[in-house]
Protein chains: 2
Amino acid sequence: MRISARADYAVRAALELAAAGDEASLKAEAIATAQGIPHKFLEGILGDLRRGGLVVSQRGGKGGFRLARPADSIAIADVIRVADGPLVSVRGVRPPELSYGGPAESLLPLWIAVRANVRKILGEVTLAHVAAAKLPDEVLSLAEDPEAWTNP
Amino acid sequence: MRISARADYAVRAALELAAAGDEASLKAEAIATAQGIPHKFLEGILGDLRRGGLVVSQRGGKGGFRLARPADSIAIADVIRVADGPLVSVRGVRPPELSYGGPAESLLPLWIAVRANVRKILGEVTLAHVAAAKLPDEVLSLAEDPEAWTNP
DNA sequence: ACACTTCCCTAGTATTTCGATAGGAAAACT
DNA sequence: AGTTTTCCTATCGAAATACTAGGGAAGTGT
């Protein structure tokens with residue numbers, strides 16, 4: 001279960017914009033160096049965010065990008081979906097489109113349960129939450145369990 | 001956030017073995033046709049499961065594969081880890097090895113929370129649960145919510 | 001008008017994943 | 001001995017991922 005570089009970069013770029021304020025605009029290059037993201041790659045990702053309606057852009061000397069909506073109205077899940085497609089997929093397809101036979105039949109409800117659990121977190125946490133380092137309590141309590149940080 | 005073909009296939013193969021009983025053994029070819037998995041690709045995956053100590057193999061005419069331990073002692077998470085590496089990774093690395101700067105600092109605890117939530121499900125559900133189509137109640141109640149099946 | 005900046009678009013490359021195929025050695029059964 | 005099946009290696013191609021390069025379009029400042 002892996003989160004792609006695209007998704008990670010998209011969220012981090014959106015967080016830089018959220019931290020800059022809903023009015024201010026940042027240049028792609030500034031975001032790239034601030035977050036250590038290859039800047040031409042980031043340009044493509046920002047294009048997706050723009051086409052997805054999450055950011056607006058401005059060309060020219062005083063140009064750059066800024067959020068299209070307030071940071072507390074954009075969930076992390078929104079950013080990932082626009083940049084990277086479905087939040088959770090199995091072999092590239094969404095769980096409801098899968099079909100399993102024989103003893104694997106109950107695998108589908110299992111993937112659905114996993115997806116529901118991921119959605120519950122990423123659909124609720126917004127850019128404003130993360131940028132301000134104030135995660136909701138339920139999320140924080142999950143992350144604070146020392147066992148959650150152990151490796152295997 | 002994607003579950004790879006390797007992981008999906010590995011779990012389904014393990015489920016076929018679990019359904020066959022802890023004693024019986026199945027040939028790779030039989031598992032491949034039962035689950036519609038490319039059989040040479042599956043051979044490689046079964047090799048990983050063997051090296052990971054989850055299955056044992058036997059060559060020759062009456063050969064095949066069987067589970068190395070009872071099906072109710074093998075979690076879905078165990079199978080995925082052996083076949084596909086870490087359960088959850090960001091850009092290919094495990095969350096604890098990541099480091100974020102600036103407004104993205106709280107992204108790490110967020111990924112940790114997501115991972116903890118995924119673990120809670122996949123670490124608890126065993127091959128026996130799924131093969132018998134009897135998921136634990138907490139998991140079932142997540143999967144039964146109609147909203148969990150909607151697409152976006 | 002002109003230069004400069006920054007976004008925007010297309011194309012190209014390297015690596016990995018997924019899947020198919022192939023050849024052959026080792027172990028077990030009939 | 002001969003068949004079966006795992007096991008190991010190797011390769012190949014298509015697609016996706018993670019970038020890189022170059023140039024055109026839109027905006028700003030002088």
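Lettering follows sequence order; numbering is per chain, from 1. These values consider heavy atoms only, across backbone and side chains, with no hydrogens, waters or symmetry-generated copies.
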Quick one: [X] [atom1] to [N] [atom2], roughly how many Å, whole number?
X	N	atom1	atom2	value
B:R2	C:dT16	CZ	P	16 Å
A:I45	C:dC8	CD1	P	14 Å
B:H39	C:dG19	NE2	C1'	12 Å
A:F65	C:dT6	CZ	P	12 Å
B:K40	C:dG19	NZ	C1'	13 Å
A:F41	C:dT15	CZ	P	16 Å
B:Y9	C:dC18	OH	C1'	8 Å

- prompt: Checking all strands, does A:G44 fall into the base, sugar-phosphate, or nothing category for heavy-atom contacts under 4.0 angstrom?
  reply: nothing
- request: Give A:R91 one of three labels, base, sugar-phosphate or nothing, depending on what nucleic acid heavy atoms sit under 4.0 Å from its own.
  value: nothing
- line: Outer limits of DNA chain D sitting under 4.0 Å from a non-hydrogen atom of chain A, read 5' to 3', are D:dA18 to D:dG29
query: Closer to the 5' end of DNA chain C via nearest nucleotide, is it B:I3 or A:K62?
result: A:K62
side-chain N/O [X] vs [N] OP1/OP2, d < 4.0 Å:
X	N	result
A:S57	C:dC8	yes
A:R51	C:dC9	yes
A:R59	C:dC8	no
A:R50	C:dC9	yes

Would a distance-only check, ignoring hydrogens and angles, find a side-chain to backbone donor-acceptor pair under 3.5 Å from [X] to [Y]?
X	Y	result
B:W149	B:A143	yes
A:R12	A:Q35	yes
B:R6	B:A83	yes
B:E16	A:P103	no

- prompt: Quick one: the side chain of A:E43 and the base of C:dC8, do they pair up donor-acceptor inside 3.5 Å?
  reply: yes
query: How long is the gap from CG on B:N117 to CZ on B:R119, to the nearest 0.5 Å?
result: 11.5 Å
Interatomic spacing from CG in B:L54 to CZ in B:R81 - rounded to 0.5 Å: 11.0 Å
message: So if I apply the side-chain contact (heavy atoms from CB on, under 4.5 Å) rule between B:V55 and each of B:D48, B:L26, B:L49, which one comes out positive?
response: B:L49
- prompt: Name the one of B:I3, B:D78, B:I76, B:L122 that satisfies side-chain contact (heavy atoms from CB on, under 4.5 Å) with B:L87?
  reply: B:L122
Nearest heavy atoms of B:K27 and B:G61, plus distance in Å: NZ-O, 3.4 Å
- prompt: Where each residue is assigned the nucleotide of DNA chain D containing its nearest heavy atom, which of A:D84 and A:Q58 is assigned the position nearer the 5′ end?
  reply: A:D84
field: Within residues 21-29 of chain A, residues whose heavy atoms come under 4.0 Å of DNA chain D
entry: none
message: Please determine whether side-chain contact (heavy atoms from CB on, under 4.5 Å) holds for the pair A:I37 and A:I45, giving the CA-CA distance in whole Å, both sets of side-chain angles, and the decisive distance to 0.1 Å.
response: CA-CA 11 Å; A:I37 302 173; A:I45 294 169; 5.5 Å; no
